[in-house]
Structures are given as C-alpha cells and as structure tokens.
Amino acid sequence: EKPKIYKNKSDIKILLKLHLRELITNLFRYNNYKNNSKIILNFEEEIINDYTYMTINLENSYNAGIVSGTKEGLSTIKEDLKTLNYDSESVQINKDEKKSKFAVKLYYNKNIFLSFRD
C-alpha cells in the first residue's frame with residue numbers, strides 16, 4: 001500500500017522531533033570519546049522501488065564491553081516508521097563489534113514531508 005500524505009502535521013512534527021532528540025542524545029551518550037572518534041550525522045534522499053525516502057544516517061564508535069542502553073528508543077522509532085511508511089524495513093541497524101562502530105539509518109517517506117507545505 002502506498003504511503004499517504006499525512007494531514008495531521010503536528011503529530012508528524014512531534015514524532016520527528018522525538019526521533020531526532022532520542023538519536024542525537026544517544027550518539028553523544030554512548031560515543032567513545034577516548035579514541036578521538038567522530039560522530040557522523042547526515043541526511044540524504046534515496047529512491048527505493050519508485051518511492052523517495054529522506055534518510056537520516058548516524059554513526060559513532062562505542063566503548064566495547066559497556067552496556068549501551070535498553071534499545072527501547074530504537075524499537076519505538078522502528079514501530080513509528082513502520083506505521084508512517086507502511087514498511088517494516090524503515091530502520092537499518094549495523095553494529096561492527098571488531099571496530100566498535102554503531103550505525104543507524106532511518107527512512108522517512110518523502111510524502112510525510114510534503115504535508116508540511118500546506
């Protein structure tokens with residue numbers, strides 16, 4: 001089913017703000033500052049199966065052996081995106097144990113943002 005253009009702009013804006021706040025907070029909270037590591041955050045546009053997505057890409061290193069949260073924030077974001085995009089593959093999580101790198105890529109259907117123009 002094709003993602004719809006959302007009419008309730010305030011709910012979408014709140015979700016986006018909550019997602020960004022959660023992700024950015026965790027980037028700083030769990031980053032490994034001892035290794036002069038970089039925190040990467042970028043936004044891109046990507047076309048998949050004729051749908052255009054705005055993506056948020058995040059990457060940081062973490063301290064191996066230290067518990068890195070409950071994963072509840074990412075689970076909530078994943079459920080939100082599944083609903084917004086009608087897609088269960090809206091979040092990609094990659095964890096490289098050897099390099100102690102953590103990366104997240106979130107997909108937001110561009111139609112969500114088109115509703116802000118009204």
Note to self: Let me check something: do Ile40 and Val104 share a hydrophobic cluster, defined by ILVMFWY side-chain heavy atoms less than 4.5 Å apart, either directly or through other members?
What the structure shows: no
Next item on the list: Applying salt bridge (charged side-chain N to carboxylate O under 4.0 Å, His left out), name anything that partners Glu22, two or more places apart in sequence or on another chain.
Entry: none
Item checked: Sub-4.5 Å side-chain heavy-atom contact between Tyr107 and Gln92 -> yes
Check: Rounded to the nearest 0.5 Å, how far does CD of Glu79 lie from CG of Leu74?
Finding: 12.0 Å
Item checked: Side-chain heavy atoms of Ile77 within contact of Leu106, under 4.5 Å -> yes
Next item on the list: Return the set of residues passing side-chain contact (heavy atoms from CB on, under 4.5 Å) with Leu15 (not counting sequence neighbours), or none when no residue passes.
Entry: His19, Asp80, Leu84
Next item on the list: Evaluate the side-chain proximity of Glu59 to Phe102: yes if any heavy-atom separation is below 4.5 Å, no if none is.
Entry: no
Margin query: Tell me every residue that passes side-chain contact (heavy atoms from CB on, under 4.5 Å) with Leu41, counting only those two or more places apart in sequence or in another chain.
Written below: Ile24, Phe43, Ile56, Leu58
Checklist line | Those residues that, when tested against Ile39, pass side-chain contact (heavy atoms from CB on, under 4.5 Å) (two or more places apart) | finding: Leu27, Phe28, Asn31, Tyr33, Asn60
Next item on the list: Under the salt bridge (charged side-chain N to carboxylate O under 4.0 Å, His left out) rule, collect the residues that match up with Glu44, sequence neighbours excluded.
Entry: none
Check: At their closest point, which heavy atom of Lys78 faces which heavy atom of Val91, and how far apart are they?
Finding: CA-CG2, 3.7 Å
Note to self: Side-chain heavy atoms nearer than 4.5 Å, only ILVMFWY residues, links allowed to pass through others: does that put Ile14 and Leu23 together?
What the structure shows: no
Note to self: Please determine whether side chain to side chain contact (heavy atoms under 4.5 Å, CB included) holds for the pair Thr52 and Asn109, giving the CA-CA distance in whole Å, both sets of side-chain angles, and the decisive distance to 0.1 Å.
What the structure shows: CA-CA 6 Å; Thr52 303; Asn109 190 288; over 6 Å; no
Checklist line | Side chains of Ile47 and Tyr53 in contact at under 4.5 Å (non-hydrogen atoms) | finding: no
Notebook entry, point to check: With Asp50, which residues qualify under side-chain contact (heavy atoms from CB on, under 4.5 Å), at least two apart?
Noted result: none
